[in-house]
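This chain uses plain numbering: 1 for the first residue, then up along the sequence. First listed ligand is number 1; within each ligand, the first listed atom is number 1.
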Amino acid sequence: MKTISVILAAGQGTRMKSDLPKVLHPVCGRPMIWHALQAVKDVTDGQPVVVIGHGAQQVRQAVGDAARFVTQAERLGTGHAVQQAESALRGQTDLVLVTSADMPLLTPETLRRLVETQESNTGPITMLTVLADDPRGFGRVVRGADGTVQAIVEEAQATPEQLAIRELNVGAYCFDAGWLWDALERVPLSPKGEYYLTDTVGLAVDEGMVVQALTLGDPAEAVGVNTRVHLSEAEAGMRRRVNRAHMLSGVTIVDPQSTYIEMGVTVGRDTVIWPGTVLQGGTQIGARCEIGPNTIIRDTTIGNGCTILASVLERALIENDVEMGPFVHLREGAHLMSGVHMGNFGEVKNSTLGPGVKMGHFSYIGDATIGAETNIGAGTITCNYDGEHKYPTEIGEGVFIGSDTMLVAPLKIGDRARTGAGAVVTKDVKPDTLVVGVPARAIRKLNRG
Ligand code: UD1
Ligand code: CA
């Protein structure tokens, strides 16, 4: 049967106390609504319909063409919200899968079971329930003596007896489409002045039809985010799931509790990740690396066999067998070729370090290219900025830059040249030449046997 999903995202999210619409708050690096869309993607047939209202423009922009949008002008409740999708969907689908954008942990597997259960249901609704000790303000699932679902009662309207019920409405349903559109017109106004989607359950039962309930095996999937406390619970749940998937694919995570890996990050086999490591954005890490402890890597690609200790890497590219840290900072455009070694307190920005370059201690390299096997002495600085403009530095292969050298750009240093300790180099240096002093001058041609 054809199934299309409706994702509710119009609510204000007042309890988040935020300027950002609730559904755009990230969980493991992606907005909650991204997770909601991901969950329905392979379970439904057409483009999902997202009901927007509060922060509509921002939500629309974040989602892009992954969905169609309908607007709920007034927040008149979840039933009213679903009704806004009718004009887009009437006659277009057999089943409607309804979820909310604030339930980032629901899995495609669960939603598939929900749809399959409804496919063989003679009645018009299959709903998802969870058994939990903490009711969290969720609607209670009222069952009859024979165990069949009779109604969903919202907490505000529940009797003390109903409040004690521990089976809760998760807020994900699969409906027979034709029945749904008609039923929504019969939903009464609640005492709170809203039209509750949950009242459709009572309507179906009154008409003598069966409402099926599917109970979650893993209650963690039911996390609905209303506050930032819930947001941190969702984050923790998703983090466990992400880390587990990496471990099952061959990555050692020494302490998953303190390892933070965002959605979409890839890590190769036999890589070991130590505690306090944060891997973000489009980061890709190869096989057999040692990452961390205490390392932050954003939007960076790393080859195989690299060691990255206690460092911060942003938008960098690192080839194979590179070793660095502690306390390296790579910034945008840093490209470290195979076999580079960087020791402590090195910063590299918009520069290429050729194969086997060594940069052991306290250096800044910006807007530079450095040839293979060159040694950058302790305290070397590329003076790439004169207060107005940035200038490039080119250093050849096999060069030896002495300790505490200032390289005043623009500058070219030829292959196999050397600078003396404390040199301030303001003019280009020819290959095989030693320069010393302030400002540096050539004192001899180097004799290479
Ligand atoms: C709802 C259910 C409750 C369930 C709980 C699970 C109803 C009446 N109650 O309660 O049984 O246990 O979810 O989390 O449905 N929304 C709109 N437009 C509106 C109102 C809400 O789009 O006018 C959206 C919200 O953005 C949110 C979702 O619908 O994504 C749920 O709304 P919310 O107000 O959070 O409902 P709950 O009180 O949590
Ligand atoms: Ca909610």
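Ion pairing between a basic and an acidic side chain is recognised when a charged N comes within 4.0 Å of a carboxylate O; Arg331 and Glu347 show such pairing. Taking a cutoff of 4.0 Å between a charged side-chain nitrogen and a carboxylate oxygen, Asp367 and Lys390 do not qualify as a salt bridge.
No part of Val23 comes within 4.0 Å of ligand 1, judged by heavy-atom distances. Under 4.0 Å from ligand 1, not a single heavy atom of Leu168 appears. Residue contacts with ligand 1, taken as heavy atom pairs separated by less than 4.0 Å, do not involve Glu194 at all. Residue contacts with ligand 1, taken as heavy atom pairs separated by less than 4.0 Å, involve Ala81 solely via side-chain atoms from C-beta onward.
Near Leu76, with a cut-off below 4.0 Å to any heavy atom, the atoms of ligand 1 are 23 (O). The Tyr196 neighbourhood of ligand 1 comprises atoms 8 (C), with distances under 4.0 Å to a heavy atom of that residue. Against a heavy-atom cut-off of under 4.0 Å, Val170 is close to the following atoms of ligand 1: 6 (C), 14 (O). The distance from ligand 1 to the heavy atoms of Gly139 drops below 4.0 Å at these ligand atoms: 3 (C), 4 (C), 11 (O), 12 (O). Close contacts of ligand 1 with Thr198, meaning ligand atoms under 4.0 Å from a residue heavy atom, involve 7 (C), 8 (C), 9 (N), 11 (O), 15 (O). Set against the non-hydrogen atoms of Ser100, the atoms of ligand 1 under 4.0 Å away are 28 (C), 30 (O), 31 (C).
Atom CZ of Arg244 has 12 or fewer neighbouring heavy atoms from other residues, nucleotides or ligands inside a 6.0 Å radius. A 6.0 Å sphere centred on CG of Asp19 holds no more than 12 heavy atoms belonging to other residues, nucleotides or ligands. Few gaps surround CZ on Arg228; more than 12 heavy atoms of other groups in view lie less than 6.0 Å from it.
Looking only at atom types and distance, the side chain of Thr110 has a donor-acceptor partner in the side chain of Glu221 under 3.5 Å away. For Asp146 and Thr148, the side-chain atoms include at least one donor-acceptor pair closer than 3.5 Å. In summary, the side chains of Thr129 and Thr215 do present a donor paired with an acceptor at a separation below 3.5 Å, with no hydrogens or angles considered.
Of the N or O atoms in Thr78, one or more lie within a sub-3.5 Å distance of an N or O in ligand 1. On a distance-only criterion, Val51 and ligand 1 share no N/O pair closer than 3.5 Å. Between Asn169 and ligand 1, at least one N/O pair is under 3.5 Å apart. Checking only distances, Gly171 never comes within under 3.5 Å of ligand 1, N or O to N or O. Taking distance alone, with nitrogen or oxygen atoms compared against 3.5 Å, Met103 stays at or beyond that limit from ligand 1. Backbone and side-chain nitrogen or oxygen atoms of Gly11 are examined, and one is located within less than 3.5 angstrom of a nitrogen or oxygen of ligand 1. The N/O atoms of Gln72, backbone and side chain alike, include one that comes under 3.5 Å of an N/O atom in ligand 1. For ligand 1, the polar-atom distance check against Arg15 finds no nitrogen or oxygen pair separated by under 3.5 Å.
Each salt bridge (charged side-chain N to carboxylate O under 4.0 Å, His left out) pair with one or both residues in residues 166-183, not counting sequence neighbours, appears once here: Arg90-Asp182, Arg143-Glu167.
Remark: the backbone N or O of Gly356 is paired with a side-chain donor or acceptor of Lys358 at under 3.5 angstrom. With hydrogens and angles ignored, the 3.5 Å screen pairs no side-chain donor or acceptor of Ser363 with any backbone N or O of Ala378.
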Scan the side chains in residues 40-57 for donor-acceptor partners under 3.5 Å anywhere in the protein, sequence neighbours excluded, and list what turns up.
unit_1	atom_1	unit_2	atom_2	d
Thr44	OG1	Val40	O	2.8
Asp45	OD2	Thr3	N	2.6
Gln47	NE2	Asp65	O	2.8

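Ligand 1 lies nowhere less than 4.0 angstrom from a heavy atom belonging to His80. The closest approach between a heavy atom of Gly224 and any atom of ligand 1 is not below 4.0 Å. Within the structure, ligand 1 lacks Asp199 among the residues with a heavy atom less than 4.0 angstrom away.
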Exercise for review: Might you work through the side-chain contact (heavy atoms from CB on, under 4.5 Å) test for His246 and Thr259, ending with a clear yes or no?
Suggested key: CA-CA 11 Å; His246 285 294; Thr259 303; over 6 Å; no

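Nearest-residue assignment for atom 30 (O) of ligand 1 (options Leu128, Val6, Leu8, Ile52; heavy-atom criterion): Leu8.
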